[in-house]
Amino acid sequence: MLFRGKNSAVAAVRGRRNLKPFVIGVAIVLAIGAVAVFRVTQAKKEEKKDAPVVLEFTPADVAVVEARELARSIPFSGSLMPFVQTTVKSKVAGELNKVLVREGQTVAQGQVIAQIDTAVLQMQLDAQLAALEEAKARLSIAQKNRENNLQLLRQKFISQNAFDTTQSTYEGSVANVKSAEAQLRIARRAMDDAEVRAPFAGIVAKKIVNAGEKVTIDSPLFALVDLAVMEIEAPAPASEIPAVKPGQSASFRVDGFGERVFDGKVERINPTTDPGSRAITLYISVRNRDLSLRGGMFAKGQIVVDKTTPSTVIPASAVRDEAGQTYVFTIENGKIARRAVKIGASEPQQGLVEVHSGLERGLQVVAARVTGLKAGTPAVMKTKDAAPAKPA
């Protein structure tokens with residue numbers, strides 16, 4: 001038993017001696033692998049560090065050089081008002097029997113919109129009819145007397161003075177008939193005016209009276225407007241007036257209609273300035289074909305006073321200045337390029353400037369205000385359908 005134990009101890013010592021070289025070999029291999037991995041990692045970092053940066057631009061960042069007209073315009077603002085509007089008033093006195101329309105209701109020209117009581121007017125009409133009949137009867141008698149006295153005058157049975165008296169009576173009777181006929185027409189007109197009618201086709205803007213109220217001559221009854229043609233009263237600086245002429249086109253926007261643009265034209269120019277602001281009022285007419293515009297809406301736009309011939313234009317945001325030199329950045333052959341340009345007229349409303357030299361039509365210019373751009377930097381256009389790579 002003692003012999004066996006000694007042999008086992010010797011075998012264990014021999015096993016440890018054989019394992020040590022193996023462990024040392026594994027450690028060496030691992031060290032070599034770590035050094036290799038470190039070198040590969042450092043090489044990749046150096047590659048990434050030395051790789052050039054590629055700039056990506058979206059279509060919103062870039063503009064294409066094109067030929068367009070530049071329009072010089074002056075801004076304006078003002079309230080829209082119906083060109084045709086009126087206050088319908090009573091032409092006769094009486095009690096208002098019926099009110100047939102309300103605010104916002106469309107009416108046709110000549111449509112009855114209210115009715116005034118005609119009892120008193122009918123009495124006046126009957127009285128004038130009777131007066132006319134009486135005047136005609138007196139005229140008939142005067143006419144017969146004139147004819148008889150004319151025969152007597154020819155036979156010299158009466159004097160000329162006696163005939164002249166008869167003639168005067170006859171002429172007075174004729175005048176009385178004409179007067180009675182005129183009074184009768186007035187009475188009939190009053191009967192017609194008891195029916196209040198719309199003077200033109202339009203929309204009732206305000207109902208001032210109600211049924212049962214008593215009205216007098218010229219009492220206001222309704223406010224009526226026609227929205228087919230609107231007008232803007234827009235103040236403009238006196239210094240801009242020499243360039244403004246009737247017939248020039250105008251465009252404007254109205255709050256609540258989004259990006260919709262309405263058109264109009266300069267109709268008239270006030271001959272005097274406003275005492276307070278020294279501005280001159282321009283009157284701009286607008287055809288409201290779909291009746292979408294309403295009185296009192298606020299309009300803001302511009303009047304085109306001059307246009308240039310078609311020329312090369314770019315966005316004003318693409319133009320840069322440095323040390324007194326005007327230049328733009330372009331994208332050519334996949335790289336950023338810098339080009340010196342000569343700028344002409346500008347259009348602030350659309351943000352465009354005219355380029356006299358330095359650019360050709362069709363070039364892509366960087367319109368976005370990107371800082372740090374350098375000529376020669378690689379640049380690509382980023383497409384909307386570009387998708388990230390899927391992992392393997």
Give every donor-acceptor pair under 3.5 Å between a side-chain atom in residues 273-282 and any protein atom, sequence neighbours left out.
{"from": "Asp274", "atom 1": "OD2", "to": "Gly276", "atom 2": "N", "distance (Å)": "3.1"}
{"from": "Asp274", "atom 1": "OD2", "to": "Ser277", "atom 2": "N", "distance (Å)": "3.1"}
{"from": "Asp274", "atom 1": "OD2", "to": "Ser277", "atom 2": "OG", "distance (Å)": "3.3"}
{"from": "Ser277", "atom 1": "OG", "to": "Ala279", "atom 2": "N", "distance (Å)": "3.4"}

Name each donor-acceptor pair under 3.5 Å that joins a side chain in residues 172-189 to protein atoms two or more places apart or in another chain, with its distance.
{"from": "Ser173", "atom 1": "OG", "to": "Thr169", "atom 2": "O", "distance (Å)": "3.0"}
{"from": "Asn176", "atom 1": "ND2", "to": "Gly172", "atom 2": "O", "distance (Å)": "3.2"}
{"from": "Arg189", "atom 1": "NE", "to": "Asp193", "atom 2": "OD1", "distance (Å)": "3.4"}

Return a table of donor-acceptor pairs under 3.5 angstrom between the side chains of residues 208-216 and protein atoms on other chains or two or more places apart.
{"from": "Asn210", "atom 1": "OD1", "to": "Lys207", "atom 2": "NZ", "distance (Å)": "2.4"}
{"from": "Glu213", "atom 1": "OE2", "to": "Asn210", "atom 2": "N", "distance (Å)": "3.3"}
{"from": "Thr216", "atom 1": "OG1", "to": "Ser219", "atom 2": "OG", "distance (Å)": "2.9"}

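The hydrophobic clustering, which links ILVMFWY residues whose side-chain heavy atoms are closer than 4.5 Å, places Val254 and Leu227 together. The cluster map of Ile, Leu, Val, Met, Phe, Trp and Tyr, joined by side-chain heavy atoms under 4.5 Å apart, puts Tyr283 and Val229 in different clusters. Note: the hydrophobic cluster containing Ile203 does not contain Leu221 (ILVMFWY, side chain heavy atoms under 4.5 Å, direct or indirect links). When hydrophobic clusters are built by joining Ile, Leu, Val, Met, Phe, Trp and Tyr residues whose side-chain heavy atoms come closer than 4.5 Å, directly or via intermediates, Met191 is grouped together with Leu129. Val64 and Leu352 fall into different hydrophobic clusters, where Ile, Leu, Val, Met, Phe, Trp and Tyr side chains are chained together by heavy-atom contacts under 4.5 Å.
Between Ser249 and Asp263 there is no side-chain heavy-atom pair separated by less than 4.5 Å. Contact annotation: the side chain of Glu233 never approaches that of Ser79 to less than 4.5 Å [non-hydrogen atoms, C-beta and beyond]. Side-chain contact check for Val266 versus Lys245: every heavy-atom pair is 4.5 Å or farther apart. Side-chain contact between Leu373 and Val366 is present, with heavy atoms from C-beta onward closer than 4.5 Å. The side-chain heavy atoms of Met230 and Met297, taken from C-beta on, include no pair separated by under 4.5 Å. Using a 4.5 Å cut-off on side-chain heavy atoms (C-beta onward), Ile284 and Phe252 make no contact. Counting only heavy atoms from C-beta outward, the side chains of Val261 and Arg253 approach each other to under 4.5 Å. Lys265 is listed as a side-chain neighbour of Ser285, based on a closest heavy-atom distance under 4.5 Å.
To the nearest 0.5 angstrom, Asn148 atom CG is 11.0 Å from Gln143 atom CD. Rounding to the nearest 0.5 angstrom, the gap separating the CD atom in Glu147 from the OH atom in Tyr170 is 8.0 Å. With rounding to the nearest 0.5 angstrom, the CG atom of Asp117 is 8.5 Å from the CD atom of Gln115. Taking CG of Asp218 as the start and OG of Ser90 as the end, the distance is 8.0 Å to the nearest 0.5 Å. Going from atom CD of Gln111 over to atom CD1 of Ile113 covers 8.0 Å, rounded to the nearest 0.5 Å. Arg320 contributes atom CZ, which lies 12.5 Å from atom OG1 of Thr326 (distance to the nearest 0.5 angstrom).
Between Gly295 and Pro82, the shortest heavy-atom distance links the atoms CA-CD, 4.0 Å. Closest non-hydrogen pair, Thr87 versus Pro220, comes out as CG2-CB, 3.8 Å. Listed here is the closest heavy atom pair of Met81 and Gly296: SD-N, 3.7 Å. Leu121 approaches Ala190 most closely through the heavy-atom pair CD1-O, 3.5 Å. When all heavy atoms of Ala367 and Ser317 are compared, the pair lying nearest together is O-OG, 2.8 Å. Between Ser251 and Phe76, the closest heavy-atom pair is O-CE2, 3.9 Å.
In terms of the salt bridge (Lys or Arg N to Asp or Glu O under 4.0 Å) criterion, Glu56 has no residue partners (sequence neighbours excluded). Residues meeting the ring-ring contact (aromatic ring centres under 6.0 Å, His included) test with Phe222, sequence neighbours left out: none. Residues forming a side-chain contact (heavy atoms from CB on, under 4.5 Å) with Glu354 (at least two apart in sequence, or on another chain): Leu70, Ser311, Ala345, His356. Taking Phe257 as the reference, Phe262 meet the ring-ring contact (aromatic ring centres under 6.0 Å, His included) condition, with sequence neighbours excluded. Ala130 meets the side-chain contact (heavy atoms from CB on, under 4.5 Å) test with no other residue; sequence neighbours excluded.
Judged purely by distance below 3.5 Å, without hydrogens or angles, the side chains of Ser73 and Gln302 never pair a donor atom with an acceptor atom. If you check the side chains of Glu171 and Gln167, you find a donor sitting under 3.5 Å from an acceptor.
Other cluster members for Leu100: Val112, joined by side-chain heavy-atom distances under 4.5 Å among Ile, Leu, Val, Met, Phe, Trp and Tyr. In this structure, Leu153 shares a hydrophobic cluster with Leu150, Leu152, Phe157, Ile158, Phe163, the cluster being traced through Ile, Leu, Val, Met, Phe, Trp and Tyr side chains under 4.5 angstrom apart. Taking a 4.5 Å side-chain heavy-atom cut-off between Ile, Leu, Val, Met, Phe, Trp and Tyr, the cluster of Val365 extends to Val65, Ile314, Val319, Val328, Val341, Ile343, Val353, Val355, Leu359, Leu363.
Side-chain atoms of Asn145 do not come within 3.5 Å of backbone N or O of Ala142 as any donor-acceptor pair. Looking at Gln105, its side chain does come within 3.5 Å of a backbone N or O of Arg102 through a donor-acceptor pair. In this structure, the side chain of Ser292 does not engage the main chain of Asn288 through any donor-acceptor pair within 3.5 Å. The main-chain N or O of Gly358 is found under 3.5 Å from a side-chain atom of Arg339 such that the two form a donor-acceptor pair.
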Residue pair Ile116, Val196: steps toward the side-chain contact (heavy atoms from CB on, under 4.5 Å) verdict: CA-CA 8 Å; Ile116 298 174; Val196 182; 4.2 Å; yes
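Ionic pairing of Glu195 and Arg197 is present here: one or more N-O contacts between side-chain nitrogen and carboxylate oxygen are shorter than 4.0 angstrom.
Dense packing is recorded around CZ of Arg338, with more than 12 heavy atoms of other residues, nucleotides or ligands lying under 6.0 Å away. Counting non-hydrogen atoms of neighbouring residues, nucleotides and ligands closer than 6.0 angstrom, the CZ atom of Arg369 exceeds 12 such neighbours.
Evaluation of the ring pair (Phe, Tyr, Trp, His ring centres under 6.0 Å) test over residues 291-345, restricted to residues two or more places apart or in two chains, returns Tyr327-Phe329.
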